[in-house]
Participant: 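Can you keep this structure in mind? I'll have questions shortly.
For ligands, and for the atoms within them, numbers begin at 1 and follow the listed sequence. Residue indices begin at 1 and follow the sequence shown. Please read all numbers here as calculations on a predicted model, not as lab measurements.
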Amino acid sequence: MHNLLQMSSASRSVFEALTQRLAPALAARCAPRDVDLFLIRLERYFEDLYLPLVQLYGEAADWHHQFEALFAQMVDAYAARPEPLRLLDLERQCTPDWFGQPNMVGYVCYSDLFAGTLTGVRERVSYLQELGVTYLHLMPVLKARPGASDGGYAVMDYRAVNPALGNMADLQALASELHKSGISLCIDLVINHTAKEHEWAQGAIAGEEKYLNYYYTFPDRTLPDAYEHTLPEVFPDFAPGNFSWYPAIAESGRWVWTTFNEFQWDLNYTNPTVFREMLDIMFFLANQGVDILRLDAVPFIWKRMGTNCQNEPEVYLLIQAFRGLMRVVAPAVIFKAEAITPPKYLLPYLGVKNTVGKECELAYNNQLMVLLWSTLATRKVTLMTHVLHDMPRVLLGSTWITYIRNHDDIGWAITDEDAAAVGENGFLHRQFLIDFYNNTFPGSFAKGALFQYNPVTRDARISGTTASLAGLEAAVAKQDDYEIDLAVRRILLLHSIIMVYGGIPLIYMGDELGLFNDRSYLSDSTNAEDNRWMHRPPMDWTKAKSRHDSTNIVGRIYKGLLNLLAARKYEPALHYLGLIQPMWTDNDHVFALLRRNPKGRLLLLANFHESEQSVTADLLQYSDLGGNVRNLLAEGSLLTLADGRIHLAPYESMWLAGDK
Ligand code: OTU
C-alpha cells in the first residue's frame with residue numbers, strides 16, 4: 001500500500017489490522033492481482049463503509065464478531081465473483097459515468113407479462129435493441145410467496161428465481177446475453193420486508209429468538225399503538241394499520257410490524273445480523289450478473305418512535321455502508337433508490353454535501369412524473385416550472401430515473417406551499433387532479449381509476465396506463481381522429497421531456513405501443529382488489545407487429561418515440577453531468593428547459609396546449625445556443641421564426657441546438 005489516501009489514523013489502524021488478517025484468506029482464494037485489486041478498493045472505500053457501520057452498530061455487544069463476520073463474507077463473495085464480472089468491475093470503474101451517458105434508455109416490464117419467462121425475455125432482446133434500450137428493469141423475479149404477493153414484492157427466497165419464470169441459471173444467461181447486447185440488468189431487491197413464508201419469518205413463528213430479532217414483534221398493543229400515532233398507512237384500503245396479529249408466533253402470539261400487506265414483514269435493521277444477511281443477498285445477486293439493484297421501499301428500513309418512520313438518518317447510513325461494501329466486492333453494481341418522497345428527503349438518497357458519491361447512483365424522479373400529469377391536466381406550466389426551479393441544477397456522481405408511469409399508482413405529491421407559490425390552493429388542485437384523471441371532471445380526456453380513496457380526507461391516488469391517462473383510450477372509443485391525434489401528441493410530449501430532463505428515461509412496457517388499461521385483473525381473485533393491475537397489461541405482440549406502419553396509431557407512437565431516441569443517443573448536452581435549468585417563458589402553456597455542459601447546449605420547448613402556441617425568440621439568446629439553431633426533433637432542420645417568435649404546433653416539443 002502506498003497510503004495515497006487520507007484517512008484518520010483511527011480508521012487507518014483498523015484498516016491495516018484488518019488487511020493483515022484478511023490477507024491469508026484472500027491469497028488462498030484469489031490470484032495475486034485480484035488480491036491487490038481488493039485491497040486497493042478496500043482502502044479507497046474503507047471510511048465510506050466503516051464509519052457508517054460504527055455509527056449504526058458500534059454499540060452492539062457483539063460488534064467485533066459482526067465486523068469480522070462481515071469481512072469474511074466479503075472475501076467469500078469476492079472469491080466467487082465470476083471472471084467476466086470482474087472485468088466489468090474494472091471497465092465501470094474506468095467509466096464511472098456509464099449510467100449517465102446520453103445513450104442510456106431504460107425499459108421496465110414484468111417478465112411474464114412481456115415474454116412469459118426469463119428465457120422468453122432473452123428471445124426478445126432484439127425488440128429491446130430496436131428501441132435502443134441499454135437498461136432493462138425486470139419487475140420482481142425472485143421467488144415470491146404463492147398466491148397474493150403484491151406483484152412479487154413479498155419474497156420468500158432471495159436466492160431463487162420465481163419458478164414460473166425459470167431458475168437462477170436462466171437469470172445468469174439472460175444477464176450475460178444482455179451484457180453482450182449493451183444492456184444492463186436491474187432487478188428489485190425488496191430490502192424492507194420479507195414474505196412471512198421466508199425461512200427467517202418461519203423461524204420467528206416457531207419462536208426462535210434469533211429470528212424473532214430479525215423482525216419487529218410485540219407481545220401486546222402498547223408499542224404498536226404508540227407508533228401508530230405518527231405512522232401513515234400505505235394501503236389503507238386493503239391493508240389498514242402497520243401491524244398484524246399472529247396468534248401462532250412464539251406460543252402466546254405477537255404483533256408484527258407490517259407496513260405494507262399483512263404477509264410482508266418489516267425487517268429489523270437495528271440487528272447487525274440482518275444487515276449482514278441482506279449484504280450477502282446483494283453479493284449473491286451481483287455475482288449472478290445483476291447490474292442495478294432497485295432498493296424497494298428503502299425509506300422504511302429504520303423506525304423511530306414519534307416519526308412517520310420514513311427517511312430516518314440511519315436509512316442513509318445503511319445505504320452508505322452497503323454501497324461502500326459493494327464497491328469493494330462488485331463495483332460494477334449500482335443502487336437505485338425507490339424513495340417516493342419529497343425532494344428534501346429524496347436528494348440525500350443521491351448524496352448531498354459530505355455524502356456525495358456515497359449513496360445511491362440512481363433515484364426515481366417522482367416529482368417530475370407528478371408534474372407532467374398535473375401540467376397535462378391544467379395546460380399551464382407555471383407549477384412545474386416553479387417546482388423544478390427548486391430541484392438541484394447539477395448532481396454529482398448520481399442521476400435521476402425519469403419516468404412517466406410505472407407499475408404503481410400516481411400519488412399527487414404537490415405541496416400546499418408550491419401550489420400557493422403559483423396562486424393555486426393545494427387541496428383544490430389535488431382534488432382537481434383526482435377528478436380529472438378519474439374522468440369525473442367535465443371535459444377530461446383521461447381514463448383512470450381511484451386508488452386508496454379516503455372518504456374522510458378525500459385523498460386518492462390514480463391508476464391507469466400512460467395512453468389511457470393521456471386520452472387515447474377515450475379518443476379511440478369515440479373514433480374521433482382529432483382527439484386521437486391529440487392523445488398521440490400528448491404521449492410523445494411527455495416522453496420528450498423525460499428524455500431531456502437528465503438521467504435515465506424509463507419506458508414502461510407497452511407505452512411504446514400505447515397500451516390501454518387492462519381490466520382482466522378483476523377476474524383474478526388474487527389481484528382483484530388492487531387496481532394497480534389495470535396499468536400492468538400483458539404485452540400485445542399482435543399490436544407490436546404493426547409498430548412500423550406509421551399510418552396507424554401504434555406506428556405513430558412508436559415512430560415518434562424512435563425519433564426522440566435517435567435524437568437523444570449522441571447528444572452530448574444530454575450527458576447526466578450538466579446543468580438542468582427550467583426557464584420561464586412568456587407563454588404559460590410552453591415549458592422551457594435548458595440542458596448545458598461544456599460539450600453542448602440544448603433547449604427543450606414543450607407546448608402543453610392543444611392549440612398552436614408561441615414564445616419569444618429571446619429565449620434562444622438567453623440560452624446562448626449560438627447561431628444556426630436547429631430542431632433535433634425535425635430532422636435537424638433550421639428553426640424558422642415568425643414575428644420574432646418560435647411557433648409550436650399543438651403539444652409539439654422541440655429540442656433546439658445551435659453551433660455552440
Ligand atoms: C414499492 O412501492 C413498490 O413499488 C410497490 O409495488 C410495492 O407494493 C411496495 O413497495 C411494497 O413492496 O408505497 O404505493 O417511498 O412509495 O416503496 C407504493 C416508497 C409504495 C414507497 C414505495 C412503495
Participant: Side-chain donor-acceptor pairs under 3.5 Å in residues 341-350, sequence neighbours left out?
Facilitator:
{"unit_1": "Thr341", "atom_1": "OG1", "unit_2": "Asn311", "atom_2": "ND2", "d": "2.9"}
{"unit_1": "Tyr349", "atom_1": "OH", "unit_2": "Asn311", "atom_2": "OD1", "d": "2.7"}

Participant: Is Val256 close to Phe243 at the side-chain level, that is, under 4.5 Å between some pair of heavy atoms?
Facilitator: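 Phe243 does not reach Val256 side chain to side chain.
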Participant: Check each protein residue for a heavy atom under 4.0 Å from ligand 1 and list those that pass, ordered by chain and number.
Facilitator: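 Heavy-atom contacts below 4.0 Å: Asp150, Tyr153, His193, Val234, Phe235, Phe260, Gln264, Arg294, Asp296, Ala297, Pro299, Phe300, Glu338, Ala339, Ile340, His407, Asp408, Asp409, Arg461, Arg532.
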Participant: Keeping Trp200 on the side-chain end and Val274 on the backbone end, is there a donor-acceptor pair under 3.5 Å?
Facilitator: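 Pair absent, no side-chain N/O of Trp200 close to backbone of Val274.
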Participant: Donor-acceptor check, side chain of Glu338 to backbone of Leu295, threshold 3.5 angstrom: yes or no?
Facilitator: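 No; zero donor-acceptor contacts below 3.5 Å.
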Participant: Filter on salt bridge (charged side-chain N to carboxylate O under 4.0 Å, His left out), then keep only pairs touching residues 447-463, sequence neighbours left out; what's left?
Facilitator: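 Those involving residues 447-463 are Asp409-Arg461.
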Participant: Would you list the atom pairs, donor with acceptor, under 3.5 Å between side chains in residues 187-196 and any protein atom, with sequence neighbours excluded?
Facilitator:
{"unit_1": "Asp188", "atom_1": "OD1", "unit_2": "His137", "atom_2": "NE2", "d": "2.8"}
{"unit_1": "Asp188", "atom_1": "OD2", "unit_2": "Tyr153", "atom_2": "OH", "d": "2.8"}
{"unit_1": "Asp188", "atom_1": "OD2", "unit_2": "Arg294", "atom_2": "NE", "d": "3.4"}
{"unit_1": "Asp188", "atom_1": "OD2", "unit_2": "Arg294", "atom_2": "NH1", "d": "2.6"}
{"unit_1": "Asn192", "atom_1": "ND2", "unit_2": "Asp266", "atom_2": "OD2", "d": "3.3"}
{"unit_1": "His193", "atom_1": "NE2", "unit_2": "Tyr153", "atom_2": "O", "d": "3.2"}
{"unit_1": "Thr194", "atom_1": "OG1", "unit_2": "Tyr215", "atom_2": "OH", "d": "2.7"}
{"unit_1": "Lys196", "atom_1": "NZ", "unit_2": "Glu262", "atom_2": "OE2", "d": "2.4"}

